[in-house]
Amino acid sequence: MITKIKLNRKQQIIEKATQLFQKQGYAATSMRDLAGFIGIEAASLYSHIKSKEEILQTICFQMAEDFFQSLDACELANEQADVKLKEAVVSHVEVLTRDTAASAVFVSEWRHLSEPYLSDFLSMRNQYENKFIQILIDGNKAGIFKALDAKFTVLALLSSVNWMPAWYKPNGKLSPREIAENVTDVFINGLKVR
């Protein structure tokens, strides 16, 4: 039996805002729109949150933290680079599919963060991508992967899965793990030294 955790009011607002940002975009969503969507007065929102951007910051930085946590276990595993890459992509896809609304906002709406949050977010994204790049570099050094532009390869790989929130259906034909394994099989077969 799955126990549903009761969300506090701020968490409820963030959850509803996430759905609305996914539906109509961050820039097109006003606080009045959000209040109407939630069913409260606009002035009441400000007793729980400071601004619309605070919600976006919460979504983006929580998702980033989730991605880092999921990748940590893959990095610690004593596996060859091809296995490590596959598990890293699986962990990425599993985070993406946990909450597709938050994932969609994370993937497309981060551009609306203001400074210093935008720079912090981009720095975190680079650190995350660098972990994947290191797996490719290690795989190349071990003779598993071809010598390719690791940054380009990682961007292509992550781009191929980051659109999942737009089309993924929890009751679809493939599980998140199966999707990730199919994607990585295509990439890894192209990366491997023959």
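Quick caveat: nothing in here was measured; it's all calculated off a predicted structure.
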Is R32 atom CZ crowded by more than 12 heavy atoms from other residues, nucleotides or ligands, each under 6.0 Å away? no

If you look at every heavy atom in T100 and Q22, which pair is closest and at what distance? O-NE2, 3.9 Å

Enclosure of K151 NZ (heavy-atom neighbours >12, cutoff 6.0 Å): yes

Could you state whether L155 and W163 fall into the same hydrophobic cluster, counting links through intermediate Ile, Leu, Val, Met, Phe, Trp or Tyr residues with side-chain heavy atoms under 4.5 angstrom apart? no

Between F121 and F61, how do the two ring planes meet: parallel, tilted or perpendicular, split at 30° and 60°? perpendicular

If you count every heavy atom of other residues, nucleotides or ligands that lies below 6.0 Å from Y128 atom OH, does the total exceed 12? yes

Is there a continuous path of hydrophobic side-chain contacts, each under 4.5 Å between heavy atoms, that joins I179 to V83? no

Rounded to the nearest 0.5 Å, what's the gap from CG on L85 to CD1 on I144? Could you check? 10.5 Å

Supply the atom-to-atom distance E109 CD to R111 CZ, rounded to the nearest 0.5 angstrom. 8.0 Å

I'd like to check L96 versus Y168 (side-chain heavy atoms, cut-off strictly below 4.5 Å). Are they in contact? no

Strictly by modelled atom types, are S30 and D33 linked by a side-chain donor-acceptor pair under 3.5 Å? yes

Hey, does L71 have a side-chain heavy atom less than 4.5 Å from the side chain of H92? no

If you define the side chain from C-beta out and look only at heavy atoms, does anything of I40 sit under 4.5 Å from R9? yes

Is a side-chain donor-acceptor pair under 3.5 Å present for E178 with N182? no

Go through the steps to decide whether E115 and S119 satisfy the test side-chain hydrogen bond (donor to acceptor under 3.5 Å, both in side chains), and finish with yes or no. CA-CA 6 Å; E115 292 297 349; S119 291; 2.7 Å; yes

Can you name the closest pair of heavy atoms from K16 and L34 and give their distance? C-CD1, 4.3 Å

So, taking the atom named OG in S91 and the one named NZ in K86, what distance separates them when rounded to the nearest 0.5 Å? 13.5 Å

Check whether E53 reaches the backbone of S114 with its side chain - one donor and one acceptor, N or O, closer than 3.5 Å. yes

F67 with W110, same ILVMFWY side-chain cluster at under 4.5 Å: yes

Treat each ILVMFWY residue as a node, draw an edge where side-chain heavy atoms are under 4.5 Å apart, and state whether L158 and L122 are in one component. yes

Look only at the side chain of N140 and the backbone of L136, and say whether a donor-acceptor pair between them is shorter than 3.5 Å. no

If you take the centroid of each ring, where Trp contributes its six-membered ring, are F106 and F21 closer together than 6.0 Å? no

N130-Q134 side chain donor-acceptor pair, cut-off 3.5 Å: no

Please report the interatomic distance OG(S44) to CD1(I13), rounded to the nearest 0.5 Å. 8.5 Å

Restricting to non-hydrogen atoms, name the atom on E54 and the atom on K10 that form the minimum distance, rounded to 0.1 Å. OE2-NZ, 2.9 Å

Grab the two heavy atoms, one from S160 and one from V183, that are nearest each other, plus how far apart they are. OG-CG1, 3.6 Å

Which atom pair, heavy atoms only, marks the closest approach of E41 to A35? C-CB, 3.9 Å

Looking only at heavy atoms, what is the nearest atom pair of T18 and I59, with distance? OG1-CD1, 3.1 Å

Ignoring hydrogens and angles, tell me if any N or O in the side chain of K52 forms a donor-acceptor pair with the backbone of Y26 under 3.5 Å. yes

If only atom types and distance count, is the side chain of N8 paired as donor or acceptor with the main-chain N or O of Q11 below 3.5 Å? yes

Would you mind reporting whether I137 and F145 have side-chain heavy atoms less than 4.5 Å apart? no

Roughly how far, to the nearest 0.5 Å, is the CE atom of M31 from the CD1 atom of I38? 8.5 Å

Should L174 and V95 be counted in the same cluster of Ile, Leu, Val, Met, Phe, Trp and Tyr side chains packed under 4.5 Å apart? yes

Within the supplied structure, the quantity of interest is the number of heavy atoms (other residues, nucleotides, ligands) at a distance under 6.0 Å from Q80 CD; does it exceed 12? no

If you measure from CG on D99 to CD on Q19, what distance do you get to the nearest 0.5 Å? 8.5 Å

